[in-house]
J.: 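I'd like to ask some things about the structure below.
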Amino acid sequence: GMELRDVFVACVRSGDLTCARRAFDSLPERHLICWSLLLSAYAKRGCFDEAKALVEGMPEWDLVSATTMINLLSERGCPKEARGVFGQMELRNVVSWTAMLSGFARNGRLDEAEAMFDAMPERNVVTLNSMLAAYIQHGKTSVAKEFFDSAMPVKDLVSSNTMLSGLDLAAAEEMFGSMEAIDIVSCNVMLSAYAQSSAADRAEKIFESMAHHNVVSATAMLTAYARAGDVE
RNA sequence: AGAAUCUUCCG
């Protein structure tokens, strides 16, 4: 049957955090995973005050909840505090290391992101993608290209989309044309590149070729029209 | 049942 815990999980999934909180407060047993799930939901929605209050009552921590906290602090622009949490963790894994890497990068600290990358005992494709994104976020296009071509033993579609997003229009068109697999994000990257160049006509061609669109596709397309002067 | 990476705008 339906238990309170299922109600709680359903509320979190539906995005109704007020309902989730009520269900959470009514739970007879609050497993660590429930605390962690609610914390993660607050983090995703940017509800920092609620997250902070929740954290103050958290009876225990584990690898996953600590990693969520690293993300929360990084999103909040507190990489030093995130590092503090990381430093106090009993256990770390490739996810927590990668969260730190990404958090430093998002806070403009490329050298510390690189230091994390160099120091971590294990890397996976998400780690590599995060490092690639860090270079691109910091405008290091040629470093990113070199990294993508020579330092990534494993790649996926996120890798390609990340690289694509860092290229100038001509290079992006060339890469896009040679990609063996593309998805909606790849197309959105191209829409955005065309929008930046006010090339609404070429953006339209991509848009019309897409099997599915989302809100990102739509706003990128509108931006292309606006920049081309076709929308007042 | 919970954590890390890519694209638009907003925050």
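Because the structure is a prediction, the values reported are computed rather than measured. Every chain is numbered from 1 and lettered A, B, ... according to where its sequence line falls, protein lines coming before strand lines.
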J.: Round to the nearest Å and state the distance from Tyr135(A) atom OH to rC6(B) atom P.
T.: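 Interatomic distance, OH of Tyr135(A) to P of rC6(B): 16 Å.
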
J.: Who pairs with Asp111(A) by salt bridge (Lys or Arg N to Asp or Glu O under 4.0 Å), at least two apart in sequence or on another chain?
T.: none

J.: Identify whether any heavy atom of Asp62(A) sits under 4.0 Å from a base atom; if not, whether one sits that close to sugar-phosphate; answer base, sugar-phosphate or nothing.
T.: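 Base contact - Asp62(A) has a heavy atom under 4.0 Å of at least one base atom.
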
J.: What integer distance in Å separates Leu132(A):CG from rA4(B):C1'?
T.: 15 Å

J.: Do Glu204(A) and Tyr194(A) get their side chains close enough for a donor-acceptor pair, meaning under 3.5 Å?
T.: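 Side chains of Glu204(A) and Tyr194(A): no pair found under 3.5 Å.
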
J.: How long is the line joining CG of Leu54(A) and C1' of rG2(B), in whole Å?
T.: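 Whole-Å distance recorded here is 12 Å.
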
J.: Students often get this wrong, so: under 4.0 angstrom with heavy atoms, is Ser130(A) touching a base, only sugar-phosphate, or nothing?
T.: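 If one applies the 4.0 Å heavy-atom cut-off, Ser130(A) turns out to touch the sugar-phosphate alone, with no base involved.
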
J.: Select base, sugar-phosphate, or nothing to describe what Lys44(A) touches, counting heavy atoms under 4.0 Å on all strands.
T.: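 If one applies the 4.0 Å heavy-atom cut-off, Lys44(A) turns out to touch the sugar-phosphate alone, with no base involved.
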
J.: Check the interface with nucleotides 8-11 of chain B: list each N/O to N/O pair with the protein under 3.5 Å, or write none.
T.:
{"from": "rU8(B)", "atom 1": "O2", "to": "Thr219(A)", "atom 2": "OG1", "distance (Å)": "2.4"}

J.: By the 4.0 Å heavy-atom rule, please label Val189(A) as base, sugar-phosphate, or nothing.
T.: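 If one applies the 4.0 Å heavy-atom cut-off, Val189(A) turns out to touch the sugar-phosphate alone, with no base involved.
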
J.: Can you list the other members of the hydrophobic cluster that holds Val158(A), where links are side-chain heavy atoms under 4.5 angstrom apart?
T.: none

J.: With sequence neighbours excluded, what pairs up with Asp16(A) under the side chain to side chain contact (heavy atoms under 4.5 Å, CB included) test?
T.: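 Only Ser14(A), Thr18(A), Cys19(A) meet the side chain to side chain contact (heavy atoms under 4.5 Å, CB included) criterion with Asp16(A).
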
J.: Figure out the CZ/C1' separation between Phe24(A) and rA1(B), and round it to whole Å.
T.: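 For the pair Phe24(A) CZ and rA1(B) C1', the rounded distance is 13 Å.
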
J.: By the 4.0 Å heavy-atom rule, please label Arg5(A) as base, sugar-phosphate, or nothing.
T.: base

J.: Identify whether any heavy atom of Ser65(A) sits under 4.0 Å from a base atom; if not, whether one sits that close to sugar-phosphate; answer base, sugar-phosphate or nothing.
T.: base

J.: Looking at rA3(B), does its base get a donor-acceptor pair with the side chain of Asn93(A) below 3.5 Å?
T.: yes

J.: Atom CZ of Arg30(A) to atom C1' of rG2(B): distance rounded to whole Å?
T.: 16 Å

J.: Roughly how many Å is it from CG in Leu27(A) to P in rA1(B), rounded to a whole number?
T.: 16 Å

J.: Hey, could you give me each pair passing salt bridge (charged side-chain N to carboxylate O under 4.0 Å, His left out) that has a residue in residues 47-69 of chain A? Not counting sequence neighbours.
T.: none

J.: Test: salt bridge (charged side-chain N to carboxylate O under 4.0 Å, His left out). Region: residues 112-133 of chain A. Which pairs qualify, not counting sequence neighbours?
T.: Lys80(A)-Glu112(A), Arg83(A)-Glu112(A), Arg109(A)-Glu112(A)

J.: Counting side-chain heavy atoms from CB outward, which of rG2(B), rA3(B), rU5(B) is closest to Thr67(A)?
T.: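 Taking heavy atoms from C-beta onward, the closest nucleotide is rA3(B).
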
J.: Write down the distance between CZ (Phe117(A)) and P (rA4(B)), rounded to a whole number of angstrom.
T.: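 Checked: the CZ to P distance equals 19 Å.
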
J.: The side chain of Leu32(A) is closest to which nucleotide in this list: rC6(B), rA3(B), rG2(B)?
T.: rG2(B)

J.: Considering only side-chain heavy atoms of Asn161(A), which listed nucleotide, rA4(B), rA3(B), rC6(B), is closest?
T.: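 Comparing rA4(B), rA3(B), rC6(B) against the side chain of Asn161(A), the answer is rC6(B).
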
J.: Mind checking if Asn124(A) touches a base, just sugar-phosphate, or nothing, with heavy atoms under 4.0 Å?
T.: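 Base: the residue Asn124(A), judged by heavy atoms under 4.0 Å, touches a nucleobase.
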
J.: Write down the distance between CE (Met175(A)) and P (rU7(B)), rounded to a whole number of angstrom.
T.: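 Checked: the CE to P distance equals 14 Å.
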
J.: Under a 3.5 Å threshold, yes or no: a donor from one side chain and an acceptor from the other, between Asn93(A) and Ser96(A)?
T.: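 Their side chains do contain a donor-acceptor pair, which is all the 3.5 Å distance test asks for.
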
J.: Kindly point out which of rA3(B), rC6(B), rA1(B) is positioned nearest to the side chain of Leu63(A)?
T.: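 Looking only at heavy atoms from C-beta outward on Leu63(A), the closest nucleotide is rA3(B).
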
J.: Can you name the closest pair of heavy atoms from Met221(A) and Ala200(A) and give their distance?
T.: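 Between these two residues, the closest heavy atoms are CE-O, 3.8 Å.
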
J.: Just compare rA1(B), rA3(B), rU5(B) and give me whichever is closest to any side-chain atom of Arg106(A).
T.: rU5(B)

